[in-house]
Amino acid sequence: MTVRFDEQQAEEADRLLLDLRADVGRRLDKAEAVRALLLLADDGGPVRGALVKGLRGSR
C-alpha cells in the first residue's frame with residue numbers, strides 16, 4: 001500500500017505519528033498506525049463514521 005501526501009500533509013502525518021508514539025509509549029511505524037485505523041474502522045463504530053464523513057468531504 002502506498003499513501004501519497006503533499007509536503008504539508010506529510011509533515012502533519014509525521015507530527016501525528018510522533019504524538020501517537022508518545023501516547024502509546026513505544027516506537028510505532030506508519031504501517032502499524034494505518035493498520036490499527038483500518039481495523040477500528042472495520043468495527044463499524046464512530047471511527048468508521050468519522051472516516052466516511054472525512055472521505056465524503058474530501059471530494
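Just so you know, residue 1 is the first one in the sequence shown, and it goes up from there. Since this is a predicted model, take the numbers as computed values, not measurements.
Taking CZ of Arg56 as the reference point, atom NZ of Lys53 lies at 11.0 Å (rounded to 0.5 Å). Interatomic distance, Leu55 CG to Arg48 CZ, rounded to the nearest 0.5 Å: 10.5 Å. Atom-to-atom distance recorded for Asp6:CG and Glu11:CD is 9.0 Å, nearest 0.5 angstrom.
Closest non-hydrogen pair, Arg21 versus Asp29, comes out as NH2-CA, 4.4 Å.
For Arg26, the side chain to side chain contact (heavy atoms under 4.5 Å, CB included) criterion is met by Val24, Leu28, Glu32, not counting sequence neighbours.
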Side chain to side chain contact (heavy atoms under 4.5 Å, CB included) evaluation trace for Leu39 with Asp43 | CA-CA 7 Å; Leu39 290 173; Asp43 286 343; over 6 Å; no
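In the hydrophobic clustering (ILVMFWY side chains linked at under 4.5 Å, chained through shared members), Val3 is joined by Met1, Phe5, Val34, Leu38.
When Asp42, Val52, Leu40 are each tested for a side-chain contact (heavy atoms from CB on, under 4.5 Å) with Val47, only one passes: Leu40.
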